[in-house]
Amino acid sequence: MELVDSSNHGMSILFSHYYSSLMYSGTDFLMKPVFLRGFSGSLHLVLLFVLFISWVCNKFKVAHSEGSKERFNNSKSLCYKLAQICCLGVSVFSLVLCLLSYFYWYRNGWSDEGLVTLLDLALRTLAWGTLCVYLRTQLFNSGESKYPFLLRVWWGFYLCISCYCLVIDVVLYKKHVSLPVQNLVSEIVSVVSGLFFCYVGFFGKNEGEDTLLEEPLLNGDSSNEAESNKSKGNENVTPYLNAGFFSILTFSWMGPLITIGHKKTLDLEDVPQLGPSDSVFGAFPNFKNKLEAECGTSNGVTTLKLTKALIFSAWKEVLLTAFLVIMNTLASYVGPYFIDTFVQYLNGRRSYKNEGYVLVSVFFAAKLVECLSQRHWFFRVQQVGIRVRSVLIIMIYNKGLTLSCQSKQGHTSGEIINFMTVDADRIGDFSWYMHETWMVLVQIVIALLILYRNVGLASIAALVATVFVMLANVPLGKLQEKFQDKIMESKDKRMKATSEILRNMRILKLQGWEMKFLTKIMELRKTEAGWLKKYVYISAMTSFVFWGAPTFVSVVTFGACMLMGIPLESGKILSALATFTILQGPIYSLPDTISMVAQTKVSLDRIASFLRLDDLQPDVIERLPSGSSDTAIEIIDGKFSWDLSSSNPTLKDINLKLQHGMRVAVCGTVGSGKSSLLSCILGEVPKISGTVKLCGTKAFVAQSPWIQSGKIEENILFGMEMEREKYETVLEACCLKKDLEILPFGDQTVIGERGINLSGGQKQRIQIARALYQDADIYLFDDPFSAVDAHTGSHLFKECLLGLLRSKTVVYVTHQVEFLPAADLILVMKDGRITQAGKYSDILNSGTDFMELVGAHEKALSALDSTEAGSVSESTSEEAGNMASTNGVVQKQEDKDVQNGKADDVVGSKGQIIQEEEREKGKVGLSVYWKYITMAYGGALVPIILLAHVLFQTLQIGSNYWMAWATPISQDVKPAVSSSTLIIVYVSLAIGSSFCILVRSMLLGTAGYKTASQLFSKMHYCIFRAPMSFFDATPSGRIISRASTDQSTVDLRMQYLVASFAFSMIQLLGSIAVMSQVAWQVFIVFIPVIATCIWYQQYYIPSARELSRLVGVCKAPVIQHFAETLSGASTIRSFDEESRFRDKNMKLADANSRPRFNIAGAMEWLCFRLDVLSAITFVFSLVFLVSIPEGIIDPGIAGLAVGYGLNLNMLLAWVIWNLCQMENKIISVERIFQYSSIPSEPPLVIEESRPDHFWPSHGEVDIHDLQVRYAPHMPLVLRGLTCTFPGGLKTGIVGRTGSGKSTLIQALFRIVEPTAGQIMIDGINISLIGLHDLRSRLSIIPQDPTMFEGTVRSNLDPLEEYTDEQIWEALDKCQLGDEVRKKEGKRDSTVSENGENWSVGQRQLVCLGRVLLKKSKVLVLDEATASVDTATDNLIQQTLRQHFSNCTVITIAHRITSILDSDMVLLLSNGLIEEYDSPTRLLENKSSSFAQLVAEYTVRANSSFGK
């Protein structure tokens, strides 16, 4: 302290000596301003010195203070904030005074007093600025609760000095001494701020809550904190809702979120909820009412009505933005209007006193109005866009839920998803262009009026030129629209194929077809890229026309002036040039607007036509409330057809009456209409005639399981409340307890998309559990027992149908004859008719159809050797008694295994198969930009493009400079050059600049197109070569959003954004150069302003970037939920759960809108601040120009600087906007790069170890100590298998669900690589050869039969390797020949998406056909006959025996009969071999598990569950 005092004392003595010896004697000098200023300056110098020392000391102590820093980080008290703001205020105030004084002394001559005052103000600015930074950084992070003692003493000193100065000023004023008015203002401000600082320093309590210290004590459990944070995002509604007028005006309500984003990586929880009017929960009902008022039913939707409803649902915002647009347009023309007056003023023509300052004020006011109106216009417009987008997504989703099957066949799910992802987005984006259409006219009219004032009749030439330029754009716009349309069409086709391929990737990998299908995608992309190329070059032409437009218009106008003899003065020319620059805006945006209108119309048409599609007929079923009738289901004279235009109805003459509590079985051969019968009871099949009545609630189990991604528990509850007891009963009945124990997280395990991490049987049982839990009145089962093994099937039948559902009405389709006798009524179907109906015993004797089915079953059973069958049946009663005990032993053993498994493998949340979508955190690395820029031609075009733009900019500035310099300032001055020279030079400069633009546009188009193509090929190659585990763990929504949305950005936007950023930077530097040319002093303000701009931008970018990433991450769930809903629509409708799914979709849409809304707010928050800063710079340069004495500067060139200054705020905002847009959109490139570096599978072909052409010739499969796990963090599934499948023999693999049967097959095909051990086929280790060599030599009929969209031929032989004869032969062998010949296109008859127009059984037969064509030595049947009836099963088995008699056939089967004639049986349990021997030997040993399985099956078949 003494140090400070003595130094203060020393300084004052030094100052006083110096000044007294210089001017005054005695104590008189204490009254002189020069002394006061000097003393004040020295005081501030001391403060700076002390702060510097303090900073240095802190740097040394930084290691020790890190602990306390953490602690105090949260204690932000109000006093601290106010003190900082006040310091900053004093600093800014001193800066302004410093600049004003500089001009004042500059004009009135310098004096000692002036110099000392200036020095004092400069030191003040520095000292207070530094103090503000010190408070913000050092003190804020330290553990101190009070301000440092020295600082408080200094504040005391400061107050005393300020009071003393104020008193002296008042005394001198009384003595009539003239003082500059700024002195008095300065002293008053100093006293007020001094008082405030003393109050804060000595009396202010700094109550920082040490939140981090207290929280754990209060919470007791820190996990609560995480919970509360989770819900925080759900509770806090956007501050925008309750913000005050000033906060809304300046976008300050965005501050808190941007601050959070600056400190940490933003998560969705941090992003506040939308207000009621922006949330779909508020906006959608409003829109729906408007739409219904317009068109009544949804089928009457036209594009016009849809547009009207959208506009009326947001009419307030539309009107408000229209008003803001007009304000903005008027304000933007104030500058050009007054430039001429300003140039004349600088030239010495003054109309009244202080005219200069009045002009400056007008310029400043206009700039502020322009800035405010533009910011709010942009924000409101985005708000409308977000709302419109969400509303359309909801509309499309709701429509997707109610679409009839016929309508669905016209549009694949890929196309429908495109409506939601692409079209709704585009209509939302149109809000930007909403007012552009009429705004152009307003701007042109105002521009022409200003031109008329400046150049008289030549303005007509300007009008003609403008109209000409706009008309030149019409054909270009039309072409652009056409190409855009074509791009969309080809993209639809590509996305449709992509989503189908992703769904069936497992089959493609098993068959070794993935590369063929990749070429299919590449072909589709080639067509798309053809249109894209045309589009890009047309865009380059449009770009050329519009960058050249202002130059062209100005050449025409000035040429007309010359011809008409209108004198050109520099003021008028500058005014005209400024007007042309503003005119460039509307002309430049016109092509964009035109193409946007066109694109939006296309999208509106597409959505309107989708909304017009037929819904399911609501009157197919008459619904009666539960208990109102004895009849549960009644169909009278029913005639139904999936395709109403077909002459042959799917179901005909259906008469059916079922009482409550009846059990009804439906059987029949493949394709006889069994599933269609259930669908017509659900109301899914269009009704031609007849009536259907349904009494009570219903539940449905589909043949192909539909599982939602999410937890198993959520799948079973399906929207119902959890009742633990009921839940446990259902799990027990569906045999799910055991599976849940094996799964790493029990019923909390997250299921992958379409249940990818569950076996077929598990999916089916979860589906049954979902139905049981609903506790409905009527149950419809579509052959659910086929996907599970024999034991589980009989257990399900017993527990579910005969147990839990004994009092319910149950209709079940089944192929297993043994389940028929238990039914009260059996319906036999053939060719869409019910041919027989009655009890088992009644119809057994009465008709042939039923006899066929039962006969086939009997035949299969008789395959059990008669002696064996005898011995088994004798022992059945005994076995049944023993069952419980042996099961008990197995059970215990398995439990033990499970426990061991668990102990070995304690997994964290990483164990879940679906990980949360990875999003990069933090800054997008420069490497991403570098890779993107250098991708095309190694980046060779980039310097040329930049050079072309620099040249363009230089020539532009040159031509304007030439006009300003060469034209006289007023009519009485002689021109510097002749008018012809003037125009010739101007025109040649203009032509040069246009040529540069042409070169730049073309090269940019080429580079962008090339890059997009390379990124596409690279990403798709990586995805197709990825291992199966990647597809299991990645929902297809994530891959699709990269292939559609992100690829779209790269195709059509990315190159322009990167280029725009570079170009706008070049333009900004050009403008700054012109302004500094006139007055280098402008740099004094430029440097701090640009520094502040960069600081703001850096402060804002982390939040904006994370919000952008969140938009990407939040978009996938919307798409995925929609895709799931489309595929499971019939299940959702059968459970009457539509409203819950709609709600979920609304929540997801809101979650997607939240980051979008905040991106818009954050963008305007930043732009508003940048606009204000650039306005200050502009005003400063104007004040400077007004203040300099006349004649120092050429008024024409000064006017040019003003012209460029007018656009400064636009340019600065444009640079930052482009930077932010580029940062936001580069994320698409980053996401594509992410999927371009997926680790790929082992090579497809290894040249040095290719097996010979005939391998495998014998087909012996030798497995040695095989261990397999699905991922490093998951438990072993196969735990050391060793066995040999002899060549040419049939081996059956059996085991309970989840025992590892399918995993063994996947290891054989190397879908999963072994963790340890090996598999040899004919002595070759399969891990050492290429994947294609392996997979193409093995054959498989998979568990889920798959068909692709296309023809029957392309489904059998996608690689086109076989002749037509071979294909017909295969079709006949697999019993499909007759069916295919019946169809119109024969073997080219169409197969719709997923093979929907073929029954599941027929699809299975097609898979058999593929195998018959391939004729491999090793054939794998993975539950291949699960979906067919016994008769067809026998046919398949016969075909296989006939054609694969000398091959190795490995069968996984649930029907014991399928494997009884195998040569060997392998029984798996929990990933280990329990038994492996021939079936005869195993059956002889009564205690073997296999014998027990057969016994169960026989018991079941014989007892047939009769009542």
Looking at [atom1] of [X] and [atom2] of [Y], how far apart are the two atoms once the value is rounded to the nearest 0.5 Å?
X: Asp485; Y: Ser490; atom1: CG; atom2: OG; value: 10.0 Å
X: Glu528; Y: Asp492; atom1: CD; atom2: CG; value: 9.5 Å
X: Thr1045; Y: Ile1040; atom1: OG1; atom2: CD1; value: 10.0 Å
X: Lys534; Y: Trp531; atom1: NZ; atom2: CH2; value: 4.5 Å
X: Ile1232; Y: Met1054; atom1: CD1; atom2: CE; value: 10.5 Å
X: Leu532; Y: Leu1052; atom1: CG; atom2: CG; value: 6.0 Å

Side chain proximity check, [X] to [Y], heavy atoms < 4.5 angstrom:
X: Tyr333; Y: Gln443; result: yes
X: Leu998; Y: Phe952; result: no
X: Gln599; Y: Glu481; result: no
X: Thr527; Y: Glu523; result: no
X: Met935; Y: Lys1018; result: yes
X: Gln956; Y: Ser959; result: yes
X: Arg525; Y: His1020; result: no
X: Arg1000; Y: Phe544; result: no

Would Thr1011 and Gln1055 count as having a side-chain donor-acceptor pair, cut-off 3.5 Å?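 No - no donor-acceptor pair under 3.5 Å links their side chains.
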Are a donor atom and an acceptor atom from the side chains of Thr1006 and Tyr537 found within less than 3.5 Å of each other?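 Yes, because at least one side-chain N or O of Thr1006 sits under 3.5 Å from a partner of the opposite role on Tyr537.
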So is Arg1042 actually on top of Tyr1235's ring, under 6.0 Å and inside 45° of the axis?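 Judged by the rule, Arg1042 and Tyr1235 form a cation-pi pair.
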Given the ring of Phe419, does Arg606 sit roughly above its face, with NZ or CZ under 6.0 Å from the centre of the six-membered ring and within 45° of the axis?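 Checked: cation-pi criterion not met.
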Ion pair check, Asp1051 and Lys533, cut-off under 4.0 Å: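 Lys533 and Asp1051: not salt-bridged.
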Identify whether the distance between the nearest side-chain nitrogen and carboxylate oxygen of Lys1225 and Asp1046 falls below 4.0 Å.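 The answer is no: the pair does not qualify as a salt bridge.
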Do side-chain atoms of [X] reach the backbone of [Y] as a donor and acceptor pair under 3.5 angstrom?
X: Arg494; Y: Ala1043; value: yes
X: Thr542; Y: Ile538; value: yes
X: Asn328; Y: Glu370; value: yes
X: Ser431; Y: Val381; value: yes

Checking Arg389 against Ile427 for the side-chain contact (heavy atoms from CB on, under 4.5 Å) test, could you report, in this order, the C-alpha distance in whole Å, the side-chain angles of both residues, the deciding distance, and whether it holds? CA-CA 7 Å; Arg389 207 183 127 273; Ile427 295 168; over 6 Å; no
Check [X] against [Y] and note the closest heavy-atom contact, atom names and distance.
X: Thr321; Y: Trp377; result: CG2-O, 3.9 Å
X: Leu448; Y: Ser459; result: CD2-O, 3.5 Å
X: Tyr986; Y: Phe558; result: CE2-CD1, 3.9 Å
X: Ala1007; Y: Ala936; result: O-CB, 3.6 Å
X: Cys996; Y: Leu955; result: SG-CD1, 4.2 Å
X: Ser1236; Y: Cys1022; result: O-SG, 3.1 Å

Inspect the surroundings of OH in Tyr337 and state if more than 12 heavy atoms from other residues, nucleotides or ligands are less than 6.0 Å away.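 Result for OH/Tyr337: open.
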Trace of the side-chain contact (heavy atoms from CB on, under 4.5 Å) decision for Ile444 with Val440: CA-CA 6 Å; Ile444 290 173; Val440 170; 3.7 Å; yes
Please enumerate all residues that pass side chain to side chain contact (heavy atoms under 4.5 Å, CB included) together with Ser1108, with sequence neighbours excluded.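 Partners of Ser1108 under the side chain to side chain contact (heavy atoms under 4.5 Å, CB included) test: Ile1159, Asn1224, Ile1227.
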Sequence neighbours excluded and cut-off under 3.5 Å, please list the side-chain donor-acceptor pairs for residues 1064-1075, or say none.
{"unit_1": "Ser1064", "atom_1": "OG", "unit_2": "Ser1060", "atom_2": "O", "d": "2.7"}
{"unit_1": "Ser1064", "atom_1": "OG", "unit_2": "Phe1061", "atom_2": "O", "d": "2.9"}
{"unit_1": "Ser1064", "atom_1": "OG", "unit_2": "Asn1218", "atom_2": "ND2", "d": "3.3"}
{"unit_1": "Ser1071", "atom_1": "OG", "unit_2": "Gln1067", "atom_2": "O", "d": "3.4"}

Ring pair (Phe, Tyr, Trp, His ring centres under 6.0 Å) against Trp438, all qualifying residues, sequence neighbours excluded: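 Once residues adjacent in sequence are excluded, the partners of Trp438 under the ring pair (Phe, Tyr, Trp, His ring centres under 6.0 Å) criterion are His435.
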Please determine whether side chain to side chain donor-acceptor pair (under 3.5 Å) holds for the pair Ser1048 and Lys491, giving the CA-CA distance in whole Å, both sets of side-chain angles, and the decisive distance to 0.1 Å. CA-CA 9 Å; Ser1048 239; Lys491 184 176 169 189; 3.0 Å; yes
Report the C-alpha distance between Gln484 and Arg426 in whole Å, list the side-chain angles of each, state the deciding distance to 0.1 Å, and finish with yes or no for side-chain contact (heavy atoms from CB on, under 4.5 Å). CA-CA 12 Å; Gln484 177 77 34; Arg426 185 171 297 144; 3.1 Å; yes
Hey, mind stepping through Phe1233 and Leu1015 against side-chain contact (heavy atoms from CB on, under 4.5 Å) and telling me if it holds? CA-CA 8 Å; Phe1233 279 148; Leu1015 281 172; 3.3 Å; yes
Passes side chain to side chain donor-acceptor pair (under 3.5 Å), Ser1041 versus Arg1231? Steps please. CA-CA 10 Å; Ser1041 77; Arg1231 281 162 57 93; 2.9 Å; yes
Could you check whether the rings of Phe1063 and His949 sit parallel, tilted or perpendicular, using 30° and 60° as the cut-offs?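 Geometry flag for His949 against Phe1063: parallel rings.
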